[in-house]
Amino acid sequence: MQKSKFMKLMVVLMTLAMFATACGGGGDDSSSSSSDSSSASESSDSSSESSSSSEAAEEEEESSSSSSEAAEETEEVEEEEAEEEEAPIVEVQEESVLEPVFGGTLRWGLEAEVDGINPTASALSSPGLTMMNAVFDTLAVFDTDGNWTPHLAESFTASEDCKNWTVKLRAGVNFHDGTPLTSEAVSVNFLTQFSDPLVGLAVRPYYTSAEEALTIVDDLTLTFNLLDPNCNFPSALTGQLGAVGSPTWLAAALEDPTLDQQPVGTGPFQFSSRSEDSVTTFVRNESYWGGDVYLDAIEFYPVTDSAVRTQLLLEGELDALATTDVESIAALAEDGSITQVLDDTGDESFLMLNSQKAPFDDLRARQAITHATPRDNYNTLINLDVTRKADQMFTPESPYFNPDIVQLSDRPDLAGPLVDAYCQDNAGSCTNGKIDIEYQYSGPSIVGERVADLLVEGWSDFFNVTVEVLPQDSHIQQAALGLYNSIGWRQFGAVNPGDDRVWLLCRAIGGISLNWPRYCDESRDAIILEADAAKTVAEKAPLYQELSEQINEAYTYVFYNHTLWTLALRDGVENLCGVKTVEGVDLRCQVNGRTFFQSTFIVE
């Protein structure tokens with residue numbers, strides 16, 4: 001499927017390049033030929049007219065038949081294109097047939113720098129989670145079918161009501177500093193996350209208290225005691241909340257926060273050095289509990305501009321990168337030496353609105369910017385019509401997708417009356433009959449600039465827009481503090497949609513918030529919690545469909561597209577997607593740009 005998408009992309013690019021030629025001289029010649037044919041027919045005699053009439057009738061019949069066949073073919077093509085439009089773009093690197101080779105350094109390009117690599121304290125987006133996977137292990141992971149499976153944990157056992165989950169840890173695992181993995185170590189991690197001002201927002205709302213949240217059963221067994229039933233709780237431990245750091249290191253980092261830059265985990269690689277905004281280096285953990293690790297080292301380079309990052313890969317300055325920039329993905333597709341691991345079934349790209357700050361504390365303003373947003377132009381000019389448009393947080397192939405939801409973007413006719421009404425009631429928030437807003441995005445980035453220019457132009461009849469560009473870590477902090485009114489964002493797409501509750505529940509709103517739009521609806525919360533308690537897809541499907549309907553009606557997100565991620569690898573980078581648990585379970589290769597590295601090796 002991705003090949004046909006790329007063929008479509010290449011047709012778009014060729015059409016743009018050849019546009020002037022295509023508008024050239026074919027039309028007049030065609031018209032002239034038609035005229036000559038008509039004149040010849042008119043000069044024929046009566047007998048030939050009779051013959052011609054008969055022939056014309058036959059030709060008309062043939063033409064009618066041909067038209068019918070052409071219409072059927074056109075209909076079939078349209079159906080195929082519609083199916084292609086809805087089909088997922090997913091491709092993994094096939095398991096290498098080569099014998100693994102020890103040695104080499106993998107140079108990986110990240111889309112941004114992070115403020116730290118401490119899963120109990122740092123705001124980890126995709127770049128941070130990628131580095132986290134090198135140095136930490138999580139208690140659970142996702143297999144290739146999207147089911148959670150034990151990893152650093154040996155087993156999970158739920159109570160009948162799914163409120164108590166007993167976790168058995170693997171024996172004989174040590175952190176990089178020699179500290180053993182124990183129930184107490186996991187408890188220290190959990191309580192440190194619980195007390196953190198930001199990370200704790202993803203933890204505290206789901207437990208009665210810190211004292212009652214955990215029960216240590218023995219040295220390798222502990223029980224999580226949840227406030228609400230959650231029959232898929234281990235999936236929440238596949239990411240940042242399930243990463244386990246050395247308790248010795250965590251204690252030191254609380255005293256000296258600069259140690260957040262020097263992580264200590266149980267993972268396949270251990271920290272070597274870090275120069276912020278330049279390079280972070282991890283070297284092989286020679287005593288890794290999970291089996292062989294082939295690379296000598298991984299170097300992570302933050303390069304915020306996707307075009308520059310791509311060029312570095314094509315020129316051999318990087319060995320691999322992650323990006324969501326479609327032009328970069330297209331450029332990489334043209335190079336036969338690059339392998340791409342593609343996935344558009346994860347997170348969504350959208351405009352996010354702060355519902356507690358003017359002007360978007362007013363539903364009319366949120367509706368107006370939704371209607372004024374040029375989503376079609378966004379997907380054509382920015383994403384080259386390769387990505388799938390999004391109206392909701394579920395992709396069409398998901399059992400939770402709601403086919404009845406239509407986001408009313410590209411409807412400026414609906415925006416004008418709403419803006420007029422808003423400005424009549426809120427003159428202080430308007431200038432010259434337009435609503436004053438600020439749009440913020442993460443950069444510097446050429447693509448980000450192009451997106452901002454496109455949006456500002458599309459909104460210009462209704463909104464006066466000030467643009468602000470911030471580094472990704474500051475960008476996240478501003479969102480958490482509510483210091484924005486509209487912001488470019490990428491989110492949702494959890495493999496288990498229940499894990500997206502942290503962005504939506506009322507209890508995630510505070511001085512610092514993970515419910516970034518700060519929108520509270522208790523009836524929506526009830527739907528989310530009911531879905532968490534459900535055990536089957538059939539039970540969850542109508543709940544998540546209703547959830548999507550409520551999100552659509554709240555107008556806090558203006559969805560653009562289902563994000564297309566690629567992990568692009570140069571020739572010789574082998575077996576990125578070959579990671580297995582120690583029991584031999586094949587793991588999902590990437591989740592929203594995040595991957596594993598222990599199976600990767602390099603051949604020259």
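Below, each value reflects all heavy atoms present in this structure, side chains not excepted, and no hydrogens, waters or symmetry copies. Just so it is clear, the structure is predicted and the values come from calculations on it, not from any experiment.
For F394 and F401, the ring centers are positioned 6.0 Å apart or more. A ring-centre distance under 6.0 Å is found for Y557 and F350.
Here the side chain of D344 pairs no donor or acceptor atom with the backbone of W565 at under 3.5 angstrom. The main-chain N or O of F142 is never found under 3.5 Å from a side-chain atom of T149 such that the two would form a donor-acceptor pair. Looking only at distances, a side-chain donor or acceptor of D410 sits under 3.5 Å from a matching main-chain atom of R375. Of the possible donor and acceptor atoms, one in the side chain of S355 sits under 3.5 Å from a partner among the backbone N and O of P517. Listed for the R411 side chain is no donor-acceptor partner under 3.5 Å among the backbone atoms of L408. Using a distance-only test at 3.5 Å, with no hydrogens or angles considered, a donor-acceptor pair links the side chain of N592 to the main chain of D347. The backbone N or O of C589 lies less than 3.5 Å from a partner atom in the side chain of T595, making a donor-acceptor pair. Judged by distance alone, with hydrogens and angles left aside, the side-chain atoms of R594 form no donor-acceptor pair with the main-chain N or O of N133 at under 3.5 Å. Between the side chain of Q340 and the backbone N or O of I329 there is at least one donor-acceptor pair closer than 3.5 Å. Proximity of a side-chain donor or acceptor of S548 to a complementary backbone N or O of Q545 within less than 3.5 Å is not detected.
Scanning both residues, L314 and L332, for their nearest heavy atoms gives CD2-CD2, 3.9 Å. Taking each heavy atom of F360 and R366 in turn, the nearest pair found is O-NH1, 2.8 Å. Considering every non-hydrogen atom in both Y555 and L353, the closest pair reads O-CD1, 3.5 Å. Residues W516 and M352 approach most closely at CB-CE, 3.3 Å, considering heavy atoms. Nearest heavy-atom pair across Q93 and T339 is CG-CG2, 4.2 Å. Between G146 and V495, the closest heavy-atom pair is O-CG1, 3.5 Å.
In this structure, E397 pairs ionically with R388, as a charged nitrogen and a carboxylate oxygen lie closer than 4.0 Å. A salt bridge does not link D143 with K580: none of the charged nitrogens is closer than 4.0 Å to a carboxylate oxygen.
Heavy-atom neighbours of E94 CD from other residues, nucleotides or ligands within 6.0 Å: at or below the threshold of 12. Crowding of L198 atom CG: a count of heavy atoms from other residues, nucleotides or ligands under 6.0 Å exceeding 12. Sparse packing is recorded around CD of E457, with 12 or fewer heavy atoms of other residues, nucleotides or ligands lying under 6.0 Å away.
Distance check, rounded to the nearest 0.5 Å: CD of Q392 to CG of D404 gives 9.5 Å. Between the CD atom in Q261 and the OG atom in S122 there is a gap of 7.0 Å [rounded to 0.5 Å]. The distance from atom OG of S125 to atom CD of Q491, rounded to the nearest 0.5 Å, is 11.5 Å. The distance from the CZ atom of F601 to the CG atom of L576 is 11.5 Å, given to the nearest 0.5 Å. Of the inter-residue distances, the one linking N402 atom CG with Q550 atom CD reads 11.5 Å to the nearest 0.5 angstrom. The distance from the CD atom of E574 to the CD1 atom of I602 is 10.0 Å, given to the nearest 0.5 Å.
With a 4.5 Å cut-off on side-chain heavy atoms, Y484 and N354 count as touching. Inter-residue side-chain proximity for I369 and R364 is flagged as unmet; no heavy-atom pair is nearer than 4.5 Å. Looking at E95 and N575, their side chains come closer than 4.5 Å, going by heavy atoms from C-beta outward. In this structure, S409 and T370 have side chains that are in contact, with non-hydrogen atoms separated by less than 4.5 Å. Side-chain atoms of T373 and Y560, non-hydrogen and from C-beta on, do get closer than 4.5 Å to each other. Within the 4.5 Å cutoff, the side chain of V92 has heavy atoms near those of the C577 side chain. Taking the side chain as every heavy atom from C-beta outward, T600 and L295 approach each other to under 4.5 Å. Taking the side chain as every heavy atom from C-beta outward, L564 and L342 approach each other to under 4.5 Å.
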| task | Mind running side-chain hydrogen bond (donor to acceptor under 3.5 Å, both in side chains) on E111 and S126 for me, showing each step along the way? | result | CA-CA 8 Å; E111 65 176 3; S126 180; 4.7 Å; no

| task | Take E299 and Y301 through the side-chain hydrogen bond (donor to acceptor under 3.5 Å, both in side chains) test and state the conclusion after the steps. | result | CA-CA 6 Å; E299 296 173 348; Y301 293 88; 2.6 Å; yes

| task | In sequence, state the C-alpha distance, the side-chain angles, and the governing distance for K389 and E348, and then conclude on salt bridge (Lys or Arg N to Asp or Glu O under 4.0 Å). | result | CA-CA 9 Å; K389 294 177 187 176; E348 278 64 54; over 6 Å; no

| field | side-chain hydrogen bond (donor to acceptor under 3.5 Å, both in side chains) assessment of D325 paired with S306 | value | CA-CA 7 Å; D325 174 39; S306 59; 3.0 Å; yes

| field | Derivation and outcome, salt bridge (Lys or Arg N to Asp or Glu O under 4.0 Å), residues E327 and R450 | value | CA-CA 12 Å; E327 287 193 3; R450 290 177 55 215; 3.3 Å; yes

| task | Any chance you could lay out the side chain to side chain contact (heavy atoms under 4.5 Å, CB included) test for I298 and F300, step after step, and finish with the verdict? | result | CA-CA 6 Å; I298 307 177; F300 291 104; 3.5 Å; yes

| salt bridge (Lys or Arg N to Asp or Glu O under 4.0 Å) evaluation trace for D343 with R588 | CA-CA 11 Å; D343 188 3; R588 180 168 173 145; 3.0 Å; yes

| task | Verify side-chain hydrogen bond (donor to acceptor under 3.5 Å, both in side chains) between T105 and D296, making sure each step is shown before the conclusion. | result | CA-CA 6 Å; T105 296; D296 287 338; 5.7 Å; no

| said: Let's go through R274 and E113 carefully: what are the C-alpha distance in whole Å and the side-chain angles of both, what is the deciding distance for salt bridge (Lys or Arg N to Asp or Glu O under 4.0 Å) to 0.1 Å, and is it a yes or a no? | reply: CA-CA 11 Å; R274 177 164 161 80; E113 184 58 283; 3.2 Å; yes

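With 3.5 Å as the limit, one finds no donor-acceptor pair spanning the side chains of S513 and N515. Side-chain atoms of N561 and N383 include a donor-acceptor pair closer than 3.5 Å. Between the side chains of T563 and S349, at least one donor N or O lies within less than 3.5 Å of an accepting N or O. For the 3.5 Å distance criterion, the side chains of S235 and N496 qualify, holding a donor opposite an acceptor. A donor atom on one side chain and an acceptor atom on the other are not found under 3.5 Å apart for T130 and W108.
Between Y544 and Y400, the ring planes lie perpendicular to each other; the angle is over 60°, past the 30° to 60° tilted range. Below 30°, between 30° and 60°, or above 60°: for W489 and H475 the angle between ring planes is between 30° and 60°, a tilted geometry.
No option in T581, L237, N147 other than T581 meets the side-chain contact (heavy atoms from CB on, under 4.5 Å) test with V141.
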